[in-house]
2 protein chains.
Amino acid sequence: MGTTGKQLFTTLEADGTLTVAIEDVTFPDPTGNKVLVKMEAAPINPSDLAILTGAADLENAEYSPGKYVANMPEPFNTGSKARHGQKLPAGNEGAGTVVATGDSDMAKALMGQRVACVPGNAYSQYCIADAAMCLPLGDHTAEDGASAFVNPMTALGFVENAKMDGQKAIIHTAAASNLGQMLIRICEEDGIDLVNIVRKAEHVDMLKGLGATHVVNSSDDDFKAQLRNAIDATGAFYGFDPIGGGQTVDTVFKAMEQVAVSRMSEYSRYGSNQAKRMFIYGRLDLGPTILTPSYGFGWTLSGWLLTPFLANAGRETITRMRQRVLGSLTTTFASSYKKRVNLEQMLTKEAVTDYRQVKTGEKYLVTPWS
Amino acid sequence: MGTTGKQLFTTLEADGTLTVAIEDVTFPDPTGNKVLVKMEAAPINPSDLAILTGAADLENAEYSPGKYVANMPEPFNTGSKARHGQKLPAGNEGAGTVVATGDSDMAKALMGQRVACVPGNAYSQYCIADAAMCLPLGDHTAEDGASAFVNPMTALGFVENAKMDGQKAIIHTAAASNLGQMLIRICEEDGIDLVNIVRKAEHVDMLKGLGATHVVNSSDDDFKAQLRNAIDATGAFYGFDPIGGGQTVDTVFKAMEQVAVSRMSEYSRYGSNQAKRMFIYGRLDLGPTILTPSYGFGWTLSGWLLTPFLANAGRETITRMRQRVLGSLTTTFASSYKKRVNLEQMLTKEAVTDYRQVKTGEKYLVTPWS
């Protein structure tokens, strides 16, 4: 039995050879609480690129129909030692129609429905998904629901996390992203002040058009003063950064400390007592994070990842968050796409070298049956 | 009225001129809960050097009796903007004899007693101190009690912090320091496993002589393997670093993650779920902290400072910690000194260029009346 379809796999060999290719796969009939989803749409998110392309040399790769072979440079190849020789699926999330189910009532109730799901192999014509993690989309299209998990739950997660930590304001870097736009709408709904840091004047205009109050442009000469003013106005000593490498976090910590020191009545050799907190949730820049000793000892920097956050938040919070996403799927949580590609098209040089740049507003959508 | 004596001051001008000099000062008669302490001994701790010398060019400074004038290079001068033009006292802690008191019962009870105190201007012949922060030393000498606060309370603070966070093992870098030796004895008493990282073979021997079980040498070719083995043996995913700059913390996070990954049954593109936590509590290296993207997102790095820790811990915990220090002042919490200098001697080129190097086991003690 089983169902046959095409699926993408990515394999990194110990010698640094990265092979990404489409293969024919037979999917087993789902059992228990599992369902078989015929996938109709799956986004290429930055979090998918780590495994899909990583830091591979895509300019000089060999491209053939449904396949490319590229070299992974050092130190990234050695840094990925743990996956050497393993053939891995890719694609965190997507949407499609349930075409077969296991025996459980929860699974059977989904038969024939369009759902958003998080199978981990979404770049595929079929996926086996857990019924408990499927979000029935009702009358929404697969494209509406394809990005219903990663970005919406991450943006909501930031606000949940900030509230848990007693914060009333957030700083967000690279804020013109799809996720950044969602965060603007969530913060407005929830009464959280938001400082948006972007890199281009056109993004300032775009975010202000979405209703953002505080948008600062890191390309402006007076960027640091803009940032200090926004921190002072909002009291945002807490923020999220998807860039990771370089001095973005360092620049934010410095501005936070300068605002805190300007509020002190006397000098302290150890800096301010203001707690400063930043989270790195992505690696748009794969270079090292640089932290200078210029903001005392009252700072904390953490990595932030959706899965452990949700595991800590618990099922009740997750259900509440997912219902909120479903209720505003085409408004607060809407995603937009630059281009639609099928599995073969997503492995052409033109496509790969374009989407790996992760340009703002240029997200790709994989439509495996087109 | 008042009492006259010599005190050290440090002044940084906006143009980068650092002046450290002894001046005659009249100390007011103590009131309320204050006491006047005739200071007999004060250590030069790394935490004092930030304000005493910072990154100043001490090789080319002008030295005269009781004074030196040095240039503070960039970016450190600009980074210290907040203190420009201010004449600051120095010396966090010390010990001496109470020679006058305010009216409060607590203050009057200390009259004539030898106490350890934390006045912030310990490089002085007299200090005004808060009676509540004075630790009566009984029959101990001033030298026994001079370092009763900063190092003992910091080392105890690490263990308190680890216990609050549910940890049973700690990693400590630059572990051959006075503080590191105290930490070895505290951890042994409290049943906490400790991984000591040192930079010299002679320090491995010294710490093993003190009873340390896990001592790894960062100068050894197989340092990283030693570190992984020690983390695996102890389960230490939590640690403290006084170096700050460079890749010490990065190296520790990498080793922690490699141990965690080696315990996983299958590959995860996001790394392990093992929480990894490090604290930077000093800046022996004033260069930037470098964090590479090689241990996923399950890590947190914070600055750590004694004062905010104690403020959070509360008076009951502080009292318990201080009694423990007093009870073991010449054993668990003993400090050793390379050299004793008076206020004038501590400002000679020979002394300044020596103690600013913060060599292991070469701490200076200031004895203002010698």
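Each chain gets a letter, A, B and so on, in the order the sequences are listed, and its residues count up from 1.
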Please report the shortest heavy-atom distance between B/Pro293 and A/Gly287, naming the atom on each side. CD-O, 4.0 Å
Got A/Leu291 and B/Ile280 here, is their nearest side-chain heavy-atom distance under 4.5 Å? no
Checking A/Ala82 against chain B: side chain, backbone, both or neither under 4.5 Å from a heavy atom? both
Check each atom of A/Ile290 against the heavy atoms of chain B and say whether the ones under 4.5 Å are side chain, backbone, both or neither. both
Of A/Ala275, A/Gly296, A/Pro288, the largest count of non-hydrogen pairs under 4.5 angstrom with chain B goes to A/Pro288
Closest non-hydrogen contact found for B/Leu305 with A/Phe297 is CD1-CD1, 3.8 Å
Tell me every residue that passes side chain to side chain contact (heavy atoms under 4.5 Å, CB included) with A/Val358, counting only those two or more places apart in sequence or in another chain. A/Pro46, A/Leu49, A/Leu284
Less than 3.5 Å apart and able to act as donor and acceptor by atom type: which atom pairs between chain A and chain B qualify?
residue: A/Asn92; atom: ND2; partner: B/Tyr270; partner atom: OH; Å: 3.0
residue: A/Tyr270; atom: OH; partner: B/Asn92; partner atom: ND2; Å: 3.1
residue: A/Thr289; atom: N; partner: B/Leu291; partner atom: O; Å: 2.7
residue: A/Thr289; atom: O; partner: B/Leu291; partner atom: N; Å: 2.9
residue: A/Leu291; atom: N; partner: B/Thr289; partner atom: O; Å: 2.9
residue: A/Leu291; atom: O; partner: B/Thr289; partner atom: N; Å: 2.7
residue: A/Trp299; atom: O; partner: B/Gly303; partner atom: N; Å: 2.9
residue: A/Thr300; atom: OG1; partner: B/Ser302; partner atom: OG; Å: 2.6
residue: A/Leu301; atom: N; partner: B/Leu301; partner atom: O; Å: 2.7
residue: A/Leu301; atom: O; partner: B/Leu301; partner atom: N; Å: 2.7
residue: A/Ser302; atom: OG; partner: B/Thr300; partner atom: OG1; Å: 2.6
residue: A/Gly303; atom: N; partner: B/Trp299; partner atom: O; Å: 2.9

